[in-house]
**Q** 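Quick one: this structure, given as structure tokens, is what I'll be asking you about.
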Amino acid sequence: MRENGKDELDLHTDPRFKIANREALIGFALVVINFVWWFGFAYGLGSAPVEEYTFIFGMPAWFVFSCIGGFLLMVALVIFVVKVFFKDVSFDEEEHNS
């Protein structure tokens, strides 16, 4: 739209903004999942005395599950979410307004 010689986008009618908002919320949900996973294992298993720790490959189990396992989980989740839920959106004005 042109008003007073300026290009203006209508945030309510442009479908790209709806897609961007949805994808931002999905990204925020992934961050929350990552934090809950990390916090749960780091402080859930890591709050015991050191003498009671179980070790995996010489590292405490809480570290393996929270940091290494959490990283692998998030890589898999991000790949899945991008392939299934995210859409390719054009940023070209001419293509959208035609």
Side-chain angles (χ1 to χ4, degrees):
M1 289 186 198
R2 283 194 169 248
E3 187 175 307
N4 297 333
K6 290 184 176 180
D7 287 333
E8 279 190 28
L9 291 175
D10 188 2
L11 301 178
H12 300 290
T13 60
D14 192 342
R16 296 177 297 176
F17 288 103
K18 184 176 180 183
I19 293 169
N21 285 335
R22 179 177 159 265
E23 291 177 358
L25 290 174
I26 291 171
F28 182 75
L30 287 172
V31 169
V32 170
I33 290 169
N34 187 30
F35 179 76
V36 168
W37 178 276
W38 174 84
F39 190 86
F41 278 107
Y43 287 100
L45 293 178
S47 61
V50 176
E51 295 80 25
E52 296 177 16
Y53 283 179
T54 52
F55 292 88
I56 301 171
F57 300 118
M59 295 177 282
W62 66 264
F63 177 80
V64 172
F65 291 125
S66 68
C67 295
I68 298 171
F71 171 75
L72 296 174
L73 172 73
M74 291 311 298
V75 166
L77 276 176
V78 168
I79 290 171
F80 172 76
V81 164
V82 168
K83 288 186 179 233
V84 173
F85 295 108
F86 282 23
K87 295 181 180 179
D88 190 20
V89 177
S90 174
F91 294 117
D92 294 334
E93 280 287 328
E94 298 83 33
E95 189 176 305
H96 175 69
N97 289 334
S98 305

**Q** Could you pull out the closest heavy-atom pair between Met59 and Ile68, with the gap in Å?
**A**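 Heavy atoms of Met59 and Ile68 come nearest at CE-CD1, 3.9 Å.
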**Q** Scan the side chains in residues 41-52 for donor-acceptor partners under 3.5 Å anywhere in the protein, sequence neighbours excluded, and list what turns up.
**A**
residue, atom, partner, partner atom, Å
Ser47, OG, Tyr43, O, 3.0
Ser47, OG, Gly44, O, 3.4

**Q** Take atom CZ of Phe86 as the centre, draw a 6.0 Å sphere, and report whether it contains more than 12 heavy atoms from other residues, nucleotides or ligands.
**A**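 Enclosed: over 12 neighbouring heavy atoms sit under 6.0 Å from CZ of Phe86.
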**Q** If two hydrophobic side chains count as joined below 4.5 Å and joins carry through other members, does Leu25 share a cluster with Phe85?
**A**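 No, it is not one cluster - the side chains of Leu25 and Phe85 are not joined through contacts under 4.5 Å.
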**Q** Under 4.5 Å between side-chain heavy atoms, counting indirect links through other Ile/Leu/Val/Met/Phe/Trp/Tyr residues: same cluster for Val89 and Val84 or not?
**A**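 The answer is no; the residues belong to distinct hydrophobic clusters.
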**Q** Is atom CZ of Phe28 surrounded by more than 12 heavy atoms (other residues, nucleotides or ligands) closer than 6.0 Å?
**A**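 At most 12 heavy atoms, drawn from other residues, nucleotides or ligands, come within 6.0 Å of this atom.
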**Q** Among Val82, Val75, Val81, exactly one meets side-chain contact (heavy atoms from CB on, under 4.5 Å) together with Val78. Which residue is that?
**A**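 Among Val82, Val75, Val81, the one meeting side-chain contact (heavy atoms from CB on, under 4.5 Å) with Val78 is Val82.
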**Q** What pairs with Lys87 under side-chain contact (heavy atoms from CB on, under 4.5 Å), at least two apart in sequence or on another chain?
**A**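 Expected list: Ile19, Glu23.
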**Q** Show me, pair by pair, the donor-acceptor contacts under 3.5 angstrom made by side chains of residues 31-40, not counting sequence neighbours?
**A**
residue, atom, partner, partner atom, Å
Trp37, NE1, Phe65, O, 2.9

